[in-house]
Amino acid sequence: MKNYLASGLNAMIHHLSFAYEHFFTVTIWAIVAGIGAWLLEFVETYVFADFRYMTFLLLMIGYDAYAGIQKQRYLNKLDPANYPPVTAKVFKDKTFSKLAYYVIVLSSLHALAHFQIRGVEVTIFHAFEYTAMLTIMANEFWSIHENYAATGRKTIFQIAWDNLTV
């Protein structure tokens with residue numbers, strides 16, 4: 001026990017001497033960590049709380065963007081007169097406008113679903129938030145399949161339809 005207390009005291013002395021010698025750096029990092037923790041709590045409370053959903057949504061947007069690029073390349077090879085080549089401007093405009101729209105919709109529905117009256121959360125609007133989250137994800141899924149179907153590839157829906165009609 002004596003060794004445990006001595007090593008704990010020794011570690012605390014080393015930590016305090018490091019903090020004293022590097023006061024400016026430690027202070028800046030402590031302030032950054034404190035602001036970051038406050039910002040994370042603020043975002044979770046007032047903007048959007050489901051970061052796991054956001055990760056999946058960003059992946060789906062990325063998949064859709066990739067599928068859209070492949071579709072445009074395919075169509076450009078088939079008919080360059082009617083389908084221009086892929087450009088970064090079109091990609092940027094479509095992807096970022098979609099991202100901005102999703103952020104606005106999800107944030108406003110989160111606010112609607114989690115506002116409080118006299119300290120009690122009004123839960124009747126939770127269904128709107130969940131419906132929007134599901135609809136946005138399904139929309140991205142459908143868009144990916146539309147893009148791949150336009151390139152002449154068979155999608156899950158086409159394979160299922162072929163098996164049902166046989």
Side-chain angles (χ1 to χ4, degrees), residues 27-166:
T27 303
I28 293 298
W29 281 111
I31 290 171
V32 167
I35 290 172
W38 174 83
L39 188 62
L40 182 65
E41 182 182 352
F42 179 83
V43 168
E44 283 183 342
T45 303
Y46 297 108
V47 181
F48 196 73
D50 196 350
F51 291 112
R52 188 172 172 97
Y53 171 80
M54 291 301 285
T55 302
F56 285 118
L57 180 61
L58 289 175
L59 283 172
M60 291 292 277
I61 290 171
Y63 299 152
D64 185 34
Y66 178 76
I69 290 169
Q70 294 303 317
K71 171 187 159 187
Q72 193 63 28
R73 283 186 180 160
Y74 176 79
L75 294 175
N76 179 261
K77 284 181 185 177
L78 286 180
D79 189 7
N82 288 332
Y83 298 101
V86 178
T87 62
K89 183 182 180 337
V90 173
F91 168 74
K92 178 184 64 116
D93 290 344
K94 287 181 79 173
T95 303
F96 286 117
S97 65
K98 182 190 295 188
L99 241 128
Y101 175 73
Y102 288 165
V103 165
I104 290 168
V105 167
L106 290 174
S107 298
S108 60
L109 282 173
H110 178 76
L112 180 66
H114 297 282
F115 78 94
Q116 297 180 357
I117 297 175
R118 294 184 185 173
V120 178
E121 187 174 290
V122 179
T123 59
I124 193 166
F125 297 112
H126 283 208
F128 291 137
E129 183 179 24
Y130 298 141
T131 303
M133 291 168 69
L134 182 65
T135 304
I136 288 171
M137 196 65 81
N139 182 42
E140 288 300 309
F141 181 77
W142 186 259
S143 179
I144 291 167
H145 285 277
E146 281 182 335
N147 288 335
Y148 275 110
T151 63
R153 298 179 182 141
K154 284 198 170 210
T155 64
I156 293 171
F157 299 119
Q158 290 169 333
I159 293 169
W161 182 255
D162 291 345
N163 287 333
L164 285 174
T165 58
V166 172

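Only heavy atoms go into these numbers, but all of them, side chains included; no hydrogens, no water, no symmetry mates. Quick caveat: nothing in here was measured; it's all calculated off a predicted structure.
- In terms of the side-chain hydrogen bond (donor to acceptor under 3.5 Å, both in side chains) criterion, W29 has no residue partners (sequence neighbours excluded).
- Between the CG atom in L57 and the CZ atom in F48 there is a gap of 8.0 Å [rounded to 0.5 Å].
- Atoms CG and CD1, from L40 and I35 in turn, are 13.5 Å apart once rounded to the nearest 0.5 Å.
- The CZ atom of F42 sits 8.0 Å away from the CG atom of L39 when rounded to the nearest 0.5 Å.
- Residue pairs that meet the salt bridge (Lys or Arg N to Asp or Glu O under 4.0 Å) test with at least one member in residues 100-122, sequence neighbours left out, do not exist here.
- A search for side-chain hydrogen bond (donor to acceptor under 3.5 Å, both in side chains) contacts involving N82 returns D79, not counting sequence neighbours.
- Note that the CE atom of M133 and the CZ atom of F56 stand 11.5 Å from one another [nearest 0.5 Å].
- In terms of heavy-atom proximity, Q70 sits nearest to T151 at O-CG2, 3.9 Å.
- Identified under the salt bridge (Lys or Arg N to Asp or Glu O under 4.0 Å) test for residues 123-147, with sequence neighbours left out: K98-E140.
- Annotation: Y148 is not in aromatic contact with F157 [ring centroid separation under 6.0 Å not met].
- Partners of F96 according to the side chain to side chain contact (heavy atoms under 4.5 Å, CB included) rule, which considers only residues two or more places apart in sequence or in another chain, are K92.
- Contacts of D93 classified as side-chain hydrogen bond (donor to acceptor under 3.5 Å, both in side chains), with partners at least two apart in sequence or in another chain: K89.
- Inter-residue side-chain proximity for T131 and L134 is flagged as unmet; no heavy-atom pair is nearer than 4.5 Å.
- Other residues, nucleotides and ligands place more than 12 heavy atoms under 6.0 Å from the CG atom of L164.
- Atoms CG and CD1, on N76 and I69 in that order, are 13.0 Å from each other to the nearest 0.5 Å.
- Between atom CZ of residue F125 and atom CG of residue L112 there is a gap of 5.0 Å, rounded to the nearest 0.5 Å.
- Looking at residues two or more places apart in sequence or on another chain, you find a side chain to side chain contact (heavy atoms under 4.5 Å, CB included) between T95 and I61, A65, F91, L99.
- Pairs passing the side chain to side chain donor-acceptor pair (under 3.5 Å) check and including a residue from residues 156-166, sequence neighbours excluded, read K154-D162.
- Not counting sequence neighbours, the partners of V103 by the side chain to side chain contact (heavy atoms under 4.5 Å, CB included) test are S107.
- For A149 against T155, the heavy-atom pair with the smallest separation is N-CG2, 3.9 Å.
- In this view, Y63 and L59, M60, I144 satisfy the side chain to side chain contact (heavy atoms under 4.5 Å, CB included) rule, not counting sequence neighbours.
- Side-chain atoms of Q72 do not come within 3.5 Å of backbone N or O of P85 as any donor-acceptor pair.
- For F115, there are no ring pair (Phe, Tyr, Trp, His ring centres under 6.0 Å) partners two or more places apart in sequence or in a different chain.
- Applying the salt bridge (Lys or Arg N to Asp or Glu O under 4.0 Å) definition to pairs two or more places apart or across chains, none involves residues 35-51.
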